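Residue numbering restarts at 1 for every chain, and letters A, B, ... go by the order of the sequence lines. Keep in mind that this is a model prediction, so the values were computed, not measured.
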2 protein chains.
Amino acid sequence: MSQGEPGVELDTSLGYMLKAAASALHSALEAVLKPLGMTITHYSCLELLAQRPGLSNSELARGTFVTRQSMNVLLQALERQGLVVRPAQAPVGRALPTELTDRGREQLKVASAAVRRVEQAMLADLSPADQDQMRRLLTACIASLSEPPASAT
Amino acid sequence: MSQGEPGVELDTSLGYMLKAAASALHSALEAVLKPLGMTITHYSCLELLAQRPGLSNSELARGTFVTRQSMNVLLQALERQGLVVRPAQAPVGRALPTELTDRGREQLKVASAAVRRVEQAMLADLSPADQDQMRRLLTACIASLSEPPASAT
DNA sequence: CACAGTATGTCAGACTACTGACATGAGTCA
DNA sequence: TGACTCATGTCAGTAGTCTGACATACTGTG
């Protein structure tokens with residue numbers, strides 16, 4: 001069934017390659033986080049809270065690229081497990097500032113090291129200059145995709 | 001709640017940026033495919049079949065980065081909709097070579113144009129040289145992630 | 001003040017993709 | 001030939017995320 005690569009155009013499509021790279025990263029992260037009993041979103045949430053303490057549910061959702069409904073489900077689980085805490089009442093508006101507990105920080109420490117190893121493995125063959133290039137390119141892509149479709153005028 | 005960017009290290013993490021870019025692309029693709037009544041995997045499957053006719057269920061799964069079980073469910077749906085056809089019996093082994101129908105090609109044509117527009121929008125600010133760079137960098141990342149963890153020796 | 005508009009937290013149901021499991025067919029090797 | 005290994009197709013159950021909906025709280029404008 002395999003017939004080498006016809007080289008049609010999939011192999012050069014940056015959209016496809018971006019998906020392939022993200023998928024490979026996703027699988028690698030899953031592989032190291034699963035033994036720790038964590039999902040990727042679970043880890044992302046803790047990491048985000050460590051770097052930006054006091055983020056609300058909606059802000060965490062945006063930062064981890066899921067809906068606020070999904071993040072809400074996750075936060076309730078993390079709260080039950082004693083990894084994060086939220087005040088019973090919002091200090092202002094409806095947003096509940098979330099904080100890591102010591103237990104949460106502890107769990108994150110192990111996971112964070114594992115994730116860092118995966119990221120370093122991914123970048124093993126890239127020079128510092130390459131990595132800067134990649135940051136610039138990805139930033140440009142994100143910016144262009146975030147703009148409105150730019151209707152013809 | 002928002003407090004600018006502390007610039008901790010999330011903003012420079014290539015893993016995070018890769019995820020952000022893939023997420024932005026995913027959302028943009030969803031937005032253009034949904035009006036056509038297609039999901040991203042649905043489209044990816046048709047596109048792959050157009051460029052590599054006769055791929056089996058498992059090969060399509062690998063090409064679209066889902067499990068063969070998920071692809072099987074999708075293929076059965078596409079078959080019911082008359083977009084693809086598979087022989088009742090495998091010509092060799094168990095693999096069933098899948099082909100697009102005229103109806104499948106027709107649906108793909110519209111979707112493919114929409115997807116191409118999204119990809120071009122994403123690359124709007126990137127020179128041809130930039131795009132080549134990006135291909136090289138993504139390829140390197142994928143290759144490094146695909147290698148075994150490289151135990152210490 | 002009253003009102004519309006926007007952002008948030010949360011519950012419920014639906015969907016997509018996943019893991020687990022089993023049977024079938026091809027290739028390898030003694 | 002028979003045993004073993006591997007890849008494939010498929011069914012069933014599970015988990016994570018999504019959409020839809022509603023109530024609440026801040027903001028700006030008349």
Closer than 4.0 Å, any side-chain N/O of Asn72(A) to the OP1 or OP2 of dT10(C)? yes
With a 4.0 Å limit, can you tell me whether Ser70(A) has a side-chain N or O closer than that to the phosphate oxygens OP1/OP2 of dC18(D)? yes
Among dC18(D), dT10(D), dA17(C), which nucleotide has an atom closest to any side-chain atom of Asn57(B)? dT10(D)
Just how far, in rounded Å, is P of dT17(D) from CG of Leu74(A)? 7 Å
So for Arg94(A) and dA23(D), does any side-chain atom that can act as donor or acceptor lie under 3.5 Å from a complementary atom in the base? yes
Looking at the side chain of Thr67(B), which of dG9(C), dT19(C), dT8(D) is the nearest nucleotide? dT19(C)
Donor-acceptor pair, distance only, cut-off 3.5 Å: does the side chain of Arg135(B) make one with the backbone of Thr12(A)? yes
Counting only side-chain nitrogens and oxygens, does Thr41(A) get under 4.0 Å of the OP1 or OP2 atom of dG16(D)? no
Could you check how far CD of Glu30(B) sits from C1' of dT16(C), rounded to whole Å? 11 Å
Can you tell me the distance, in whole Å, between the CZ atom of Phe65(A) and the C1' atom of dT17(D)? 16 Å
Any Arg86(A) side-chain N or O less than 4.0 Å from OP1/OP2 of dT10(C): yes
Could you tell me if Arg116(B) and Ser112(B) have a donor-acceptor pair between their side chains, going purely by distance under 3.5 Å? yes
Write down the distance between CE (Met71(A)) and C1' (dT8(C)), rounded to a whole number of angstrom. 15 Å
Grab the CG-C1' distance between Leu55(A) and dA7(C) for me, whole Å please. 16 Å
Quick one: does Gln69(A)'s side chain get under 4.5 Å of Val73(A)'s, heavy atoms only? no
Any Arg68(B) side-chain N or O less than 4.0 Å from OP1/OP2 of dT19(C): no
With heavy-atom distances below 4.5 Å as the criterion, would you say the side chains of Arg105(B) and Leu108(B) are in contact? no
Less than 4.0 angstrom between a side-chain N/O of Gln69(B) and OP1 or OP2 of dT8(D), yes or no? no
Separation of Leu60(B) atom CG from dT10(D) atom P, in whole Å? 12 Å
For Gln89(A) and dT8(C), give me the distance from atom CD to atom P, rounded to whole Å. 19 Å
Hey, mind stepping through Arg117(B) and Gln120(B) against side-chain hydrogen bond (donor to acceptor under 3.5 Å, both in side chains) and telling me if it holds? CA-CA 5 Å; Arg117(B) 275 193 295 275; Gln120(B) 286 174 357; over 6 Å; no
Between Gln76(B) and Thr39(A), just flag the one whose closest nucleotide in DNA chain D comes earlier from the 5' side. Gln76(B)
In whole angstrom, what separates Leu75(B)'s CG from dA17(C)'s P? 12 Å
